[in-house]
Amino acid sequence: MIRAELLKMTTTKAPKIAAAVGILGVAATGLASGWLLPAISHMDPDLQDSVAQMATSTADQQLAAMNVLGGGSLSSGSVSIGLIAVLLLGALIATTDFRHGGIINAALASPRRGRIMGAKTAATVVAMVVLGLCYAFVQGLLVAVAPSTLGAGGFSASWFDVADVLGRGILVLIPLGVLGLAAGMLIRSQSATFLVLIGAAVADVTLGAILAVIPATSSWASYTPLALVSTATGPSGGADAGLALGILTMMALAAASVAWVTLRRRDL
Amino acid sequence: MTTTSPSIEISHLAKSYGSTQAVTDVSFHAESGRVLALLGPNGAGKTTTMRILLGLATAESGHALIDGKAYPALSSPAHRVGAVLDAGGLHTDRTAREHLRITAAMIGVGQRIISPVLQQVGLTEAADRPVRGYSRGMRQRLALANALLGDPSILVLDEPANGLDPAGIRWLRQYLRSFAAQGGTVLLSTHVLTEVALVADDLVIIDRGRSLISGALDALTAESDLEQLYLSMTSVGSDQHSQYTPGNLAGSTSTDRETLR
């Protein structure tokens with residue numbers, strides 16, 4: 001069943017387009033922060049300050065810029081193209097079957113619907129790891145060859161720290177992809193799932209901002225999904241990153257469980 | 001009809017969607033070596049009955065069994081039953097061969113069976129072209145190929161002749177007759193009378209969610225032709241009901257007379 005789900009993904013255009021858009025988004029954000037903004041920073045003194053913050057001269061700055069979801073300080077805690085692509089790829093793995101009737105063939109081949117959900121989840125994990133490796137490669141490469149990195153004498157972060165930051169970034173894509181998958185299994189309509197996911201991502205940013213400005217709830221702001229993604233992929237790592245990754249994984253498992261129960265009970 | 005044990009047994013099936021009663025009371029059985037046609041107008045409950053049989057929908061009452069078991073309880077269902085519903089499950093980006101590779105991976109059969117099955121349904125030349133360029137008939141053939149991959153002994157086909165050209169219909173008819181001749185069981189739904197007359201051994205007429213009559217086609221049409229029988233029993237021919245006399249129906253093996261008006 002897992003192989004069948006992977007074949008479904010690789011024999012249609014939409015998942016490849018979603019992955020390509022995500023990779024291009026990560027690359028474009030990295031190019032903007034590493035090349036474009038420094039190149040035009042002489043035009044505005046305020047921009048020079050911002051560019052200085054985005055520089056990758058030191059090891060800490062290089063690690064901070066290696067957020068696999070794109071662009072380090074340009075996207076941390078907010079909605080990036082890379083993140084949206086991950087959510088939509090997860091959703092596509094679910095909704096393509098409903099849209100084209102493939103779920104019927106899957107249910108005929110495997111009447112136990114838990115197997116269908118399990119296979120789709122496993123395929124999502126594989127897809128996210130592959131996509132995460134692509135994101136990590138692009139992000140790592142762009143930081144390594146960025147003008148401010150080369151200008152400071154080259155890459156200075158340790159390989160262990162680089163592997164830690166990029167590895168956590170890849171791991172974070174898995175629960176995000178599974179959340180997209182679960183949304184697709186629950187909603188079934190492709191366009192409706194896309195709208196819900198994009199809306200939820202934008203609403204998360206708004207919610208985080210509202211929680212942050214209210215003194216009584218400011219500490220909760222770090223537990224919205226996007227804030228958890230930011231913590232999990234951040235350069236500091238440690239227990240906070242592990243906790244954030246754990247909470248995201250629990251959210252994804254809960255969503256996948258609800259999707260499984262719904263799939264089991266629904267008529268197809 | 002032969003007296004072998006039924007491959008498919010459906011008894012007092014009922015199913016509603018919200019306030020719509022899709023199936024009220026459907027009962028019949030299909031035996032190996034025979035083609036059973038489920039005949040009824042659009043919306044009669046044929047597809048819902050098939051979906052319940054295949055475990056895709058849950059019945060509110062009654063049961064639908066294959067070899068005495070519900071479809072989900074079969075150990076390897078795709079090797080026992082091949083099904084075609086709505087010629088669906090086809091993604092227009094994929095080729096026929098890719099579709100069959102996916103199905104083969106799902107049901108756990110080797111890839112070597114794909115080429116012979118493509119040949120069997122006459123799609124060898126188009127096998128590596130995307131489905132978006134296929135005619136409706138070619139899609140039906142591909143859907144049938146999907147169903148045949150597990151080498152099943154039972155075929156459940158929902159309106160299989162839809163979209164087929166005359167040559168395709170002839171091919172399908174011959175294929176189904178040969179499948180049954182080799183001991184297979186075929187359950188097909190249709191609303192085309194000529195299709196029933198040419199391919200079926202047994203007939204179930206279904207309307208408004210109820211099976212109205214079932215039995216061997218020869219016996220059911222011994223004293224009236226199929227069209228007359230169908231029109232007299234269904235809502236399609238309600239204006240002709242007065243001409244129908246149940247008692248004259250030779251060979252009737254199972255009639256829900258209460259449903260006749």
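Order of the sequence lines fixes the chain letters, A, B, ..., with proteins taken first and strands second; residue numbering starts at 1 for each chain.
- Annotation: side chain of B/H91 is not in contact with side chain of A/R99 (no heavy-atom distance under 4.5 Å).
- When B/A73, B/A105, B/A78 are compared by the number of non-hydrogen pairs under 4.5 Å with chain A, B/A105 comes out ahead.
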Could you list the donor-acceptor pairs under 3.5 angstrom formed between side-chain atoms of residues 121-132 of chain B and any protein atom two or more places apart in sequence or on another chain?
from: B/T124; atom 1: OG1; to: B/Q119; atom 2: N; distance (Å): 3.4
from: B/D128; atom 1: OD1; to: B/R97; atom 2: NE; distance (Å): 2.9
from: B/R132; atom 1: NH2; to: B/D93; atom 2: OD1; distance (Å): 2.9

Could you list the donor-acceptor pairs under 3.5 angstrom formed by side chains in residues 49-62 of chain B, with sequence neighbours left out?
from: B/T49; atom 1: OG1; to: B/G45; atom 2: O; distance (Å): 2.7
from: B/R51; atom 1: NE; to: A/L268; atom 2: O; distance (Å): 3.1
from: B/R51; atom 1: NH2; to: A/L268; atom 2: O; distance (Å): 2.9
from: B/E60; atom 1: OE1; to: B/S16; atom 2: N; distance (Å): 3.3
from: B/E60; atom 1: OE1; to: B/S16; atom 2: OG; distance (Å): 3.2
from: B/E60; atom 1: OE2; to: B/S16; atom 2: N; distance (Å): 3.1
from: B/E60; atom 1: OE2; to: B/S16; atom 2: OG; distance (Å): 2.7

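- The two atoms that bring B/P72 and A/P111 nearest to each other are CA-CB, 3.5 Å, heavy atoms only.
- Side-chain contact check for A/D267 versus B/K15: some heavy-atom pair is nearer than 4.5 Å.
- Closest of all the heavy-atom pairs between A/A109 and B/M106 is CB-CB, 3.9 Å.
- Proximity to chain B (any heavy atom under 4.5 Å) is shown, for A/T11, by both the backbone and the side chain.
- The line from NE2 of A/H100 to CZ of B/R94 is 8.0 Å long, rounded to the nearest 0.5 Å.
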Would you list the atom pairs, donor with acceptor, under 3.5 Å between side chains in residues 115-126 of chain A and any protein atom, with sequence neighbours excluded?
from: A/K120; atom 1: NZ; to: A/E5; atom 2: OE1; distance (Å): 2.9
from: A/K120; atom 1: NZ; to: A/E5; atom 2: OE2; distance (Å): 3.4
from: A/K120; atom 1: NZ; to: A/I93; atom 2: O; distance (Å): 3.2
from: A/K120; atom 1: NZ; to: A/D97; atom 2: OD2; distance (Å): 2.7
from: A/T121; atom 1: OG1; to: A/M117; atom 2: O; distance (Å): 2.7
from: A/T124; atom 1: OG1; to: A/K120; atom 2: O; distance (Å): 2.7

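- For A/R113, the part sitting under 4.5 Å from any heavy atom of chain B is the side chain, from C-beta outward, and nothing else.
- The contact list for residues 174-185 of chain A toward chain B, using heavy atoms and a distance under 4.5 Å, is empty.
- Applying the 6.0 Å contact sphere to OH of B/Y17 captures more than 12 heavy atoms from other residues, nucleotides or ligands.
- The distance from the CG atom of A/N105 to the CD1 atom of B/I102 is 9.5 Å, given to the nearest 0.5 Å.
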